[in-house]
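Every chain is numbered from 1 and lettered A, B, ... according to where its sequence line falls, protein lines coming before strand lines.
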Amino acid sequence: MYGSYHIKKKSSECAARLGTIYTANGIIDTPVFMPVGTQGSVKGIPIEFLHESGAKIILANSYHLYLRPGTEIIKKAGGIQKFNSWNKAMLTDSGGFQAFSLRNMGRKINNDGIEFQSHIDGSKHFFSPEKSIQIQKDIGADIIMCFDECIPYNSDYQYAMKSMELSLEWAKRCKKEFYRDSSSHSITQSLFGIIQGSVYNDLRIKSTYEMLNIDFDGYAIGGLSVGESKSCMYSVLSNIVHIIPENKARYLMGVGMPEDLWQCVEYGIDMFDCVIPTRNGRNGQAFTSLGKINIKNMKFKDDFSKLDPYCNCRTCKRYSKAYLNHLVKTKEALYLTLLSLHNVHFMINLMSDIRKSLSSDTFLESKRNFFKKYYAKN
RNA sequence: GGGGGUGUGGCAGAGUGGUCUAAUGCACCAGACUGUAAAUCUGGCGGGCUUGCCCUUCGGUGGUUCAAAUCCAUCCGCCCCCA
C-alpha cells in the first residue's frame, strides 16, 4: 500500500531504524533526506544531477505552485512529476508552513483556514484544509501533507494550545477530503498528519495521540526548527517520537543541519527535508565532512584543494575551492549550481552513511566519528 | 593665448562655515540562514587605547575665523569651450 512504511532493521543502541517507504514512484530507503524544490525545482540543480546525487524523493510546495503556474497547468502536464520530468517520488507541503513564513504579510487565520496575501502581487487567496488537499491532489505528489498552522517558537502556551487543536480539526477535515472522492488521485497518494504543540510537552503529547487516533499513512512533526534552540528541539522530539507506532513513517519537517540529521535519526526519525543545502549553497556556504565552510572567505582565494576531500560529487570531482571562490565573488551563475549540488549530495550521502551504519548496527560509533571530523578545527 | 569648470575615504559620488571620520552605492572583510517572501539578510570597513575619548583625514602650502572638506591667496593636477 502506497505510503506504507516497512521496518528493515532496528538499532540495538537507540531508537534509530532502517526501513523503506513504498510509493507509486519508487521505494525509498530510510532514513532519507528530501531536497526541497518549492516551485517544483530544486533550486539550481538539473534533474540529471539530482538523480546522480542519489535523491529518491523531493518536495514541492502547494502554496507556491498554486500561485504559479497554477494547478490547471500541472494537471494538464499530467502531474508534477511529468511537469518537471523528475519521474521519481515527490511530497508536497500543504501551505501550512506559509502560515509561519508569511505571518507578517497580511496573512489571516480563522477556524476555517488561512487567507494568504500573495507575496507576488498582494492578491488574496483562501486556503481551507479541503482546498489544500484539492490542490495537492491536482499537483499529484506521492505523499501529501495535512494543512496545519506552523507557529513561531516563542508563542505562548494558550496560543500554542489553540493552534494545536485547530491543526487537529484541520487534520480531520483533510483526511475526510482526501478520501471523499475515490476516483481521485488519492489511490496512489498517501496522506501524512502533522504533530504540533510548539515547545510544550503536554501539547505535543496530546497532539501525537490525537493524530494517531485520526490514523494517517505517516506522521510528521512540524513547528520545529523555527528558531528554538537545538536542545529544545531535541527535547520535544525525545518526548514524542517513541509514541508513534513502529510501522509508521516519522517525518521531521524542515530539518536540518548535518548534526541534526544524526541526532534526530537517533530519536527514531525516518524522513527529513530542508532548504539548507540549496539556500546556503546559494549564499556561499558549503557543508563538508570537515565542517561548514564559507567559500567566500579570503583564505580560499588561492586554495586549490577540493571542497571536501571525501566527496565525489561533480563539483568536487572537477573544481577547486579557489575557483569556486572566484565564481562566488564574481557572481557567476555557475556557482549556484555547483554549491547547491555539492550540498545536496553531501546531505544525501550523509543519509546513506547513516543507513550503512544502521545496517551494520554501528550507528553510535559512526555518529561519533562524524562529529569528531565535522567539528575538528583544522 | 582667452574663458569656464573641477580635484572628497579602494572606486563612483553627496556635502559648500560648527550637528563631518564625512551621506549613499559599489568594492572589500566577516557572520547568519533549518516544511524557501532568500543568488538573501546583518554587521564591519583611517589609527589608538583606559570604549569614552584622543590623534589623523576631503590635491599641496599658507591664511581668515572661537570654528574650515566648506571662505581667501597661491601652487599643482585634470576636464571643457573659444581662438
Residues in side-chain contact (heavy atoms from CB on, under 4.5 Å) with A:E332, at least two apart?
A:L327, A:T330

Could you tell me the Watson-Crick or G-U partner of B:A73, where both distances fall under 3.5 Å? Say none if there is no partner.
B:U61

Can A:K367 and A:Q263 be counted as having a side-chain donor-acceptor contact under 3.5 angstrom?
yes

Has the side chain of A:D148 got a donor or acceptor atom sitting under 3.5 Å from an opposite partner on the base of B:G35?
yes

Side chain of A:L102 (C-beta onward), nearest among B:U36, B:A37, B:C33
B:A37

With distance as the sole criterion, is a donor-acceptor pair present between the side chains of A:D29 and A:T20 under 3.5 Å?
no

Remember a base hit wins even if backbone is also touched, and classify A:N280 as base, sugar-phosphate or nothing at under 4.0 Å, heavy atoms.
base

Between A:H125, A:Q136, A:Q134, which is the residue that forms a side-chain hydrogen bond (donor to acceptor under 3.5 Å, both in side chains) with A:Y66?
A:H125

Distance criterion of 3.5 Å, no angle test: do you see the side chain of A:D260 paired donor-to-acceptor with the base of B:U34?
yes

With the criterion being N/O to N/O and under 3.5 Å, what pairs connect the protein with nucleotides 28-31 of chain B, and how long is each?
residue	atom	partner	partner atom	Å
B:C29	OP2	A:K329	NZ	2.1
B:A30	OP1	A:M298	N	3.3
B:A30	OP2	A:M298	N	3.2
B:G31	OP2	A:N297	OD1	3.4
B:G31	OP2	A:N297	ND2	3.1

Nucleotide N/O to protein N/O under 3.5 Å, stretch nucleotides 10-12 of chain B:
none

Pairing of A:K248 and A:D215 as salt bridge, 4.0 angstrom limit:
yes

Taking NZ, NE, NH1 and NH2 as the nitrogens, is one of them in A:K137 or A:E177 under 4.0 Å from a carboxylate oxygen of the other?
no

